[in-house]
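Below, chain A is the first sequence line, B the second, and so on; all start at residue 1. Only this structure's heavy atoms are used, side chains among them; waters, hydrogens and symmetry mates stay out.
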Amino acid sequence: MNAHAAATPTELSGIELAHPIINGSGTFDAIAARRVFGDALIGQFPFAAFVSKTVTVAPREGNPPPRLWETPGGLINSIGLPNKGLRRYLAEDLPELAALPVPLIVNVMGFTGDEVVELVSAFSVRDEVAALELNVSCPNVETGLVMGADPGEVTALLRRVRPLTEKPLIVKLTPNATDVVAVARAAQDAGASAVSLINTIRGMALDPRTGHPWLGGTTGGVSGPAVRAVALAQVHAVARGVGIPIVAMGGVQNGRDALDLIMAGATVVAVGTESFRDPAAGTRISRELAALCENSSISRHGTPLNC
Amino acid sequence: MNAHAAATPTELSGIELAHPIINGSGTFDAIAARRVFGDALIGQFPFAAFVSKTVTVAPREGNPPPRLWETPGGLINSIGLPNKGLRRYLAEDLPELAALPVPLIVNVMGFTGDEVVELVSAFSVRDEVAALELNVSCPNVETGLVMGADPGEVTALLRRVRPLTEKPLIVKLTPNATDVVAVARAAQDAGASAVSLINTIRGMALDPRTGHPWLGGTTGGVSGPAVRAVALAQVHAVARGVGIPIVAMGGVQNGRDALDLIMAGATVVAVGTESFRDPAAGTRISRELAALCENSSISRHGTPLNC
Amino acid sequence: MSAEQRVRRPLSADSPARRPLSAGSRVLAPFSRRAARVLERRVYGAYVVLRCADPDGPRPRAGQFYMLAARRWGGGDGERPFLPRAFSVLRSGADHERAFLIEDVGPGTHRLCELQAGEDLLLVGPLGLGFGAPEDARRPLLVGGGVGIAPLAIWQDELGGASALVGFRDAPRAEGARLLADARVATDDGSVGHRGLVTDLLREELDGDAHATVYACGPPAMLESVRVLCAARETPAQLALESGMACGFGACFGCVVPTRRGYIRLCVDGPVVDAAELETAMVAGMGH
Amino acid sequence: MSAEQRVRRPLSADSPARRPLSAGSRVLAPFSRRAARVLERRVYGAYVVLRCADPDGPRPRAGQFYMLAARRWGGGDGERPFLPRAFSVLRSGADHERAFLIEDVGPGTHRLCELQAGEDLLLVGPLGLGFGAPEDARRPLLVGGGVGIAPLAIWQDELGGASALVGFRDAPRAEGARLLADARVATDDGSVGHRGLVTDLLREELDGDAHATVYACGPPAMLESVRVLCAARETPAQLALESGMACGFGACFGCVVPTRRGYIRLCVDGPVVDAAELETAMVAGMGH
Ligand SMILES: Cc1cc2nc3c(=O)[nH]c(=O)nc-3n(C[C@H](O)[C@H](O)[C@H](O)COP(=O)(O)OP(=O)(O)OC[C@H]3O[C@@H](n4cnc5c(N)ncnc54)[C@H](O)[C@@H]3O)c2cc1C
Ligand SMILES: Cc1cc2nc3c(=O)[nH]c(=O)nc-3n(C[C@H](O)[C@H](O)[C@H](O)COP(=O)(O)OP(=O)(O)OC[C@H]3O[C@@H](n4cnc5c(N)ncnc54)[C@H](O)[C@@H]3O)c2cc1C
Ligand SMILES: Cc1cc2nc3c(=O)[nH]c(=O)nc-3n(C[C@H](O)[C@H](O)[C@H](O)COP(=O)(O)O)c2cc1C
Ligand SMILES: Cc1cc2nc3c(=O)[nH]c(=O)nc-3n(C[C@H](O)[C@H](O)[C@H](O)COP(=O)(O)O)c2cc1C
Ligand code: FES
Ligand code: FES
């Protein structure tokens with residue numbers, strides 16, 4: 001394998017990317033990483049775009065600790081979307097993130113349609129932002145349905161917010177749904193520019209000493225290699241159901257895992273949990289992917305691979 | 001830990017069990033194991049009840065190979081329910097299984113309501129059978145909906161078959177559903193004696209040499225430790241939503257894992273994939289569980305644990 | 001041979017009233033996974049041979065296999081292995097010693113190849129149906145490719161000698177030929193013995209005298225050639241096949257291979273199969 | 001000290017206009033995981049000390065930590081570990097040598113304790129904010145419990161000496177006291193030194209002379225006692241806390257502990273925290 005193969009530039013809904021590897025929302029904080037690693041972070045930025053952690057309208061402290069539990073080949077997190085809220089994010093973080101050498105994708109979540117409108121409108125006018133990712137894995141406080149598990153909810157939401165921005169809108173699907181393809185199709189039909197999947201799978205752990213739920217948030221979401229096969233199945237199914245680009249993620253640890261998702265239909269691959277093990281994993285994975293693509297005779301549907 | 005703690009007898013819908021550990025359907029073939037291990041299998045039978053692989057009305061060859069793919073801490077299988085069909089199962093296997101030293105639970109699946117009626121009626125009159133488990137994770141060939149993912153389908157099915165037998169009816173839920181609790185509640189309300197979960201989670205793998213789906217059945221189901229946290233979350237949620245007993249499974253490897261599921265609300269715990277690594281795993285797990293319960297001050301809702 | 005039990009059973013359970021798919025027989029396995037201390041680790045070119053002590057296990061039949069694992073299984077490449085791996089018994093010495101031949105081709109074999117004397121092999125077995133004796137006073141003829149030589153070594157021991165033809169990719173692998181007595185060697189690159197395929201040697205042998213029973217184990221393409229060569233000459237052949245296995249004792253239904261009578265579970269109805277039962281020895285998903 | 005960079009930054013990113021939660025400072029970490037060869041593995045009673053060569057890493061500040069893993073990570077108890085584990089730097093010698101003190105309490109520490117000289121530690125770091133110098137010419141007073149002695153050893157080195165009070169569960173653990181100079185020891189069972197808690201010794205010391213800056217690391221209950229004792233005497237204290245960490249560099253938001261100003265990520269805004277910032281040092285999910 002040629003470890004220095006050239007990365008293949010990629011395009012996602014009009015955004016130019018130097019290679020197909022980006023980060024998963026909430027799994028890399030570029031501002032904190034800059035404090036820890038200094039300017040090396042900027043010089044060796046591991047991702048072709050930076051996806052922010054989910055931003056909500058109101059500031060959130062997040063869930064009480066403990067927030068983490070290790071599982072076989074994976075991790076359960078119940079972080080609870082801590083963030084400083086829209087206003088402070090715009091004022092404090094956006095200018096810092098604009099200094100990154102890659103396009104910025106802001107991930108947002110609203111608990112009501114109005115909140116999503118507010119978030120999309122606010123970021124729509126900011127030049128620092130290349131695209132928006134809608135995290136729809138929360139329950140709709142009005143209907144009680146998990147927005148992202150219900151095609152009707154997704155359609156209604158997109159109908160409202162799609163007209164509000166010219167930026168690409170990526171809809172991040174939840175894997176905790178009977179029919180993920182139906183939700184993806186609803187997103188596409190209502191104007192989503194792309195879909196991203198998978199978010200974490202609902203999981204739980206008990207405190208071995210007490211038998212009570214370990215996580216402060218009671219349940220959490222499983223990520224990492226343990227979910228890779230599930231991610232691949234969902235990406236494969238969604239790719240056959242929609243024509244818009246797919247940002248695929250779930251347990252990617254190396255170039256082979258990334259290539260699998262691309263073969264299954266992804267345009268771009270995101271790395272989450274693996275960055276916790278090695279902060280520069282994104283760089284390694286993009287190099288491994290480039291080397292695999294260069295040396296491989298694999299092509300998708302007879303056309304050369306986007307990698 | 002006391003490795004020789006006495007196993008606690010357990011009762012499941014009127015069936016007496018010597019301890020709370022049974023096998024997951026399709027993960028132990030007592031007849032084949034007898035050929036391999038001889039009478040030691042009978043003398044040291046590892047489970048407190050034996051659950052058959054799914055029986056269908058018509059004989060099935062199952063899916064083309066390859067049928068297996070190893071994942072991090074788990075396994076994807078696409079076996080495709082091979083079985084000799086109802087008629088030969090009744091004639092050939094049932095008499096042999098009656099010789100086992102534990103109660104027999106027969107797992108059945110129909111592709112139509114009529115098929116389920118035929119299966120339930122046939123086993124209902126056989127004294128060798130202590131209980132029936134309904135595998136409802138297949139698509140209904142009439143409606144196209146996956147029976148086990150839709151509460152309405154489950155209600156309709158149970159309304160038809162519940163009156164046909166006095167034996168306990170255990171409904172095996174699929175984890176690939178938005179709202180597993182709603183399905184469990186539908187099963188309870190329509191007369192299910194118990195529910196069992198989780199079945200395997202939909203997953204996939206690609207052949208690294210070709211990039212095409214590895215499994216003969218294209219997709220398969222993930223089992224093993226990789227799914228344990230997901231199983232625990234679903235069991236915990238279902239236990240809070242229904243009052244009938246729960247047979248819990250998913251990645252159980254040791255007494256601690258079994259105890260977790262019991263703490264979460266299970267009456268009986270099934271072992272699947274771990275038996276592939278050690279055919280006698282059930283015995284070890286039941287001993288470890290007994291030792292943990294003996295030495296532990298843990299109790300559920302203030303009442304002593306059923307373990 | 002003390003604790004040994006030999007039983008011949010028809011495939012009663014899942015194929016009553018059928019003649020077995022293999023002439024072979026099985027020895028029953030103890031019912032559980034046990035630890036076998038590694039006594040010696042020896043390198044033969046590209047292969048590792050682990051010799052271990054299995055005081056609680058019976059003496060296996062040639063062609064039977066074991067499911068092997070190690071402590072600290074897992075944590076290798078791609079967060080694997082997780083399941084045990086199948087290995088033919090290479091040799092069964094006195095004093096309950098068993099040997100296995102291993103080629104490092106992935107995370108499971110890699111971990112096993114790391115084991116040193118004094119560490120434990122975790123094993124379940126012996127499993128499957130082994131080779132059956134030659135019929136009609138036919139001479140036994142062993143044909144092996146790569147790690148497929150393993151079951152032939154113990155069979156040669158049990159037969160008290162038999163001609164062996166073995167093929168390897170290259171010279172480091174051809175070191176494996178030392179595990180058989182008087183083997184004729186072929187290598188793909190001609191670095192040792194005949195340049196070409198071991199089936200070239202087989203054709204030559206059978207063209208000389210087809211009154212043989214062929215016992216073959218190796219990669220799918222080799223076995224398929226053996227099957228075709230033998231079929232054309234009506235020479236009986238017993239093929240030890242491979243397929244991906246999760247359990248090795250009939251529990252998972254994952255290891256099926258197609259035969260003229262439908263799918264069989266290779267772990268309980270094989271791994272040795274009469275060539276006449278196969279339409280092809282090319283098994284989907286096998287071979288590297 | 002060549003490749004070393006020292007920077008003092010306010011917590012600008014997530015707490016602008018706030019004074020830092022710790023008086024400490026950080027040294028930047030190289031941006032990636034690197035392999036550090038284990039030079040020596042030494043047992044101190046119940047603990048293992050790994051000394052390794054980190055030629056590509058800067059010299060850390062006392063109180064900073066590293067995320068550690070090993071090759072063939074995983075495959076231990078419960079199919080773990082998977083994530084790296086956090087360890088305070090115990091000592092930072094000449095020639096880019098670093099040492100870590102490890103107690104085997106689970107699958108991650110078990111695997112690290114297995115490592116032998118010549119094998120690789122995989123590390124990311126130095127991470128977090130270390131200890132800050134004593135203010136007002138107060139004398140430094142080190143208080144450690146169990147593996148909590150680790151960051152105090154390097155701090156004692158840097159300070160050029162400081163009184164140390166250390167507590168352990170039993171005699172095998174009390175061997176760890178040898179890692180500090182002239183430490184007064186307490187053990188729960190009285191097998192070594194004072195029978196009772198290290199905080200008994202601290203109370204005695206502070207009652208003698210409260211003009212100290214206390215540096216403490218140990219189990220939550222001990223740190224909480226230290227906090228209360230110091231607060232009552234208005235003695236400043238810097239506590240090195242623990243919490244479960246997945247990443248160690250602020251990426252996962254998993255390691256939060258509550259402070260008077262809300263949750264902080266212990267890996268970037270700690271692990272050293274001014275005691276005055278805490279309402280309690282009892283952190284949910286920590287301690288065995
Ligand atoms: C009855 C029998 C006897 C055998 N005897 C021997 C013997 O004596 N000596 C010997 O060296 N070998 C023997 N084998 C083969 C041996 O079992 C395999 O080489 C071994 O299982 C490979 O495991 P691995 O983890 O090293 O490699 P794997 O990674 O499992 O790769 C092996 C093959 O599996 C496929 N594969 C790749 N990734 C995966 C995945 N994630 N999940 C599932 N499959 C995957 C590919 O086809 C690959 O080439 C025997 C096999 C059988 C069935
Ligand atoms: C900044 C910092 C510095 C540290 N310095 C040192 C040091 O110098 N020396 C030292 O020995 N230790 C140190 N520790 C503690 C060390 O990181 C832990 O002991 C280690 O992570 C335990 O890992 P393990 O796999 O051995 O045990 P684990 O199994 O992870 O058990 C550790 C604790 O985690 C919980 N737990 C149990 N199961 C799980 C699970 N599945 N997932 C998540 N949590 C679980 C329990 O509370 C258990 O007691 C430090 C920790 C921090 C945060
Ligand atoms: C600690 C953690 C925090 C996460 N936070 C978010 C988040 O804020 N918003 C979001 O859309 N996804 C979030 N995710 C999901 C990831 O972006 C990703 O979808 C998931 O982890 C699967 O990828 P992985 O297996 O590579 O980690 C989070 C995941 C983890 C592990
Ligand atoms: C190889 C294999 C075959 C299975 N076959 C069946 C089946 O026929 N019917 C069924 O209801 N469940 C079947 N299952 C699901 C198991 O009974 C069980 O629900 C699942 O494997 C989770 O448990 P585990 O993680 O302990 O294996 C099968 C699982 C495996 C791994
Ligand atoms: S390997 Fe499981 S049935 Fe053969
Ligand atoms: S450990 Fe990940 S943010 Fe602190």
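Of the listed residues (C:Pro107, C:Cys247, C:Pro258), the greatest number of heavy-atom pairs within a distance under 4.5 Å of chain B belongs to C:Cys247. Heavy-atom pairs under 4.5 Å with chain B peak, among C:Gly74, C:Ala69, C:Pro81, C:Gly75, at C:Pro81. For the set B:Pro64, B:Ala40, B:Ala30, the entry with the most heavy-atom pairs within less than 4.5 Å of chain C is B:Pro64. Put simply, of B:Ala33, B:Gly62, B:Gly74, the one with the most heavy-atom pairs under 4.5 Å next to chain C is B:Gly74.
Figure legend: C:Arg265 and C:Phe253 shown as a cation-pi pair, the cationic atom lying under 6.0 angstrom from the six-membered ring centre and within 45 degrees of its axis.
A donor-acceptor contact closer than 3.5 angstrom is absent between the side chains of B:Ser52 and B:Asn107. Under the 3.5 Å distance criterion, with hydrogens and angles disregarded, a donor-acceptor pair is assigned to the side chains of C:Arg61 and C:Ser25. A donor-acceptor pair shorter than 3.5 Å can be found between the side chains of C:Arg98 and C:Ser92. With hydrogens and angles left out, the side-chain atoms of C:Asp54 and C:His96 include no donor and acceptor closer than 3.5 Å.
When heavy atoms are compared at a cutoff of 4.5 Å, C:Ala29 approaches chain B by way of both its backbone and its side chain. Looking at C:Val124, the atoms closer than 4.5 Å to chain B (heavy atoms on both sides) all sit in the side chain, from C-beta outward. For a residue to count as touching a neighbouring chain, one of its non-hydrogen atoms must lie under 4.5 Å from one of that chain's; by this rule B:Thr71 touches chain C with the backbone only. If you measure heavy-atom distances from B:Asn63 to chain C, the contacts under 4.5 Å come from the backbone alone.
Remark: side-chain polar atoms of B:Glu288 are paired, donor with acceptor, to backbone N or O of B:Gly255 under 3.5 angstrom.
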